[in-house]
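Report on the following structure.
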Amino acid sequence: MGTNIQRLLRLFIGGFLLVVLALTNLTVFQRDRLMASPHNNQRITGWDSQSLRGGIYDRHGEVLAVTEKKGGSRHYPGGQALAPVIGYLDPKIGAAGLEARYSAELSGRPPFWAALGLNFPLAAVGEDLILTVSKELQIEAMQLLAGRRGAAVVLDPRSGAVLALASQPSFEPEKLSDQWESISQDKAAPLLNRATQGLYPPGSTLKLVTLAAALTQRPDLLTKSYSCSGELTLPGYTIHCPRAHGELDLTSAFAVSCNVTFAQIGLELGNSTIAKQAEQAGFNSTIPFDLPVERSSFPLGKAGDGETAQRSIGQGQVLASPLQMALVVSGIANNGVVLRPYLVQERRIGGRTISRTQSAQMGEFVLPKVAAATAEMMAEVTKRGTGKGAALSGVQVAGKTGTAENPHGAPHGWYVGFAPAKEPRVVVAVVIENGGSGATAALPLARRLLELALKEVS
Amino acid sequence: MTLSRQTERSLLWAVFVLGWLAFILSWLAVPVWEPQALLYPVAITLALYLVHCSLVAMGSYADELLLPLMAVPIFLGVATLYRLDRASAFWQVVWVLLGLCPLLLLQLVSGFKAWRPYWALFMLGGLGCLAITLFFGTEAYGAKIWLKVGPVSFQPSEPAKILLSLALAGYLATRKELLLVRSWKLGPVNLPHPAYFGPLTMALALALLLMVVQRDLGTGLLLFGLFVCELYVAAPRWDYLLLGILALAGGSIVSYRLFDHVRVRFDIWLNPWEHASGQGYQLVQAMLSTSAGGLLGAGFGQGWPQVIPAVTTDLTFVAWCEETGLAGAVALIIVYMLLVQRGFKAALTTDDDFLALAGVGLTSLFALQSLVILGGALRLIPLTGVTLPLFNYGGSSLVSTLFSFGFLLRLSAEGRA
């Protein structure tokens, strides 16, 4: 009996140790994530009243969010245009976006302090955030999207700095609690950040991934000749092209966005090769970012021919967020390396910089020579393909259109691209929900954004 | 040899320092201080010190670590409650004073061994307590487990757990060998002996009945765990115990399918965030509060644990976590581990099977109850409304836990004398 009692004791001790592990997980590892939760609003606003909350500024020092006195209300001079980036802080509703993610820092509790769990503020004045976003570009992006449902992401592929992150419809953060009833129940979901949390079939923009996989795994496919009769019948599914493209090489097939050719290439490569290529750019995992991100997905494992063909042209079960597609393009634009996207450039206390974000590698999408070859083919899209309309004077634009079939009505229009085609400085990804073809719905917006963004970064 | 119980006294002083510090911190956190506030720590200090003096006066040989260890969660529990809700703290102090009386009285009793033959009586008493709420109980928090006598609410399941634990100890002590050796042959099949099978089946039935009829998942789980622990210590038959556990799992799955309230509990446990604004609110807020504590906590009186529903009765520990952090929480858990160790040690000192089993049963009950609520608050298992013994607000639970520890104290004294 004695030994049994000893064993039972050990079992209970084991149970208590398990509790200690779970506690450690919650208090140490999950803390940042949980404290930023919208369900934590009472605690956040409670903490907030103890200090003067820091301001949020754009890359040129324009005010985006400010609190005038300790415990005072929050003002957003950018209004609804900046809401997808800043989010909101409302004593009744809670916090979201950067306001939630950086709540500790903004209210004077730097991470090391907060990690100790000390909730009273270290300083009477919180930290200020300096963003990578340009207020002017953001407002322009939001105006371009106004009246439609869609999103746009503009970033610098050389650093990962996000210049604009637009999502429409949006909301007025200062009037949130007055309009909460209608906003939270609006079918158009103004609270949803479509740029990071909207998942759409990427359509032909995914051919970038298929192309990258082909150039990496099967260089012989580059020199092959393809023929398109306008449709490709597979078990369970038929792939269509708007017209028969006839005999064509890979560059032309990409330029005219030939579905039949890319379905054939997809079948040659197999589902898992394309899926793995997509994963190199962040698919099937959560992109590390300053805002909550929905995971883009490309199913792994064996798939039937019909499914594989659909997925290789961005249909079927492939889903991507605009941010995700911007990262695919930024990998191509940055010699194959995808840098971690970020919104907060600096954190300051009283004008003194205490932390500056360094660019960090998120992953290697392709080898530099594959990136260069893909970039060239993307430039051909603008020269003679579906993306002709994106051409800018004096700057060569590389891009890809997409028209994604979906069960909710008219196709989603996509455009992803970068400029200049040689030594790119800006990447753009635009999606217009049910906007029709990418070339007519998304491309004009993307062109304008590229033009403006090139002035922002030199 | 004089029995001055020096170790006990020194340790108690250390606990008093700790408890007073907690009170002083929560006084600093409020704008207005009233002299009546002194009554809470003074009453607890005096009561515990008097228990110590009485033990000295009785010349008790009882384990000198038990009382100071118990004093830690009692004192800190009252301090945490004081910080959350004055009224709860006030009543908790009253219950501590009331509960310490039976604890002391038990020290005067000699010859617990003589209780063994009355196991059937304990059993009837325990089952009676459980049954009584079915007919006269009032419903609160979705469970029909309260008995209202005049102004006082009372949870009969608390004494029931102790009575059933003693009953099983008596039953098993008289049939120990029988259980281990014999099996019941039915043709070619070796069935477990009914003597073993009986209590196991009963535990199973009780657990499921409590879950389904009284909507008290916590007590059901506890009683089942208690029976398994005692059976294991008396006669370890892994196969049967495993069978029992599988049956419980099966029963849970069936009741999950059949009964809404069970399903709701499980759904909240599996996907708390989906129900974060509704039925999962308590669990989500508890996790957020625990997490908010970080390593060292917000500081006593500085956190926001008030947002958690039923924080005083179910989740006082979570408030403690938020305000003292991982460090404070682990320290408290270590005290609970030591209490369990001392309880088992008391059970090991006696050479009487009944007493040893009773000691194991009461200690297991304490350990299981602690684990069920700690695991529930941290989402290791579904959250049930049992209290963290000695720490949470809850009169019935406090008094019966103090009774258990009175028994264990006396047991350790008998073993050493």
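Order of the sequence lines fixes the chain letters, A, B, ..., with proteins taken first and strands second; residue numbering starts at 1 for each chain.
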Less than 4.5 Å to any heavy atom of chain A: does that hold for the side chain of B/Thr363, its backbone, both, or neither?
neither

Between B/Cys321 and A/Thr27, is any pair of side-chain heavy atoms under 4.5 Å apart?
no

Those residues that, when tested against A/Glu105, pass salt bridge (Lys or Arg N to Asp or Glu O under 4.0 Å) (two or more places apart)
none

Do the side chains of B/Val340 and A/Phe16 get nearer than 4.5 Å, heavy atoms only?
yes

Heavy-atom proximity to chain A below 4.5 Å, by part of B/Leu380
side chain

To the nearest 0.5 angstrom, please state how far the OG1 atom of B/Thr290 sits from the CD atom of A/Gln30.
12.0 Å

Gap between atom CH2 of B/Trp304 and atom CG of A/Asn40 - 0.5 Å precision:
11.5 Å

Are A/Leu9 and B/Lys345 close enough that some pair of their side-chain heavy atoms sits under 4.5 Å apart?
no

Kindly compute the distance separating CG (A/Asn4) from CZ (B/Phe344), expressed to the nearest 0.5 Å.
11.0 Å

At a heavy-atom separation under 4.5 Å, does A/Val19 approach chain B through its side chain, its backbone, both, or neither?
both

Spacing of A/Leu26 atom CG and B/Leu288 atom CG [to the nearest 0.5 Å]:
9.0 Å

Under a 4.5 Å heavy-atom cut-off, does chain B meet the side chain of A/Thr24, its backbone, both or neither?
both

Residue pair B/Met337 / A/Leu17, side-chain heavy-atom distance below 4.5 Å:
yes

Can you measure from CG (A/Asn25) to OG (B/Ser291) and round to the nearest 0.5 angstrom?
9.0 Å

Portion of B/Val360 that has a non-hydrogen atom of chain A nearer than 4.5 angstrom:
side chain

At what distance, to the nearest 0.5 angstrom, does CZ of A/Arg10 lie from CD of B/Gln341?
12.0 Å

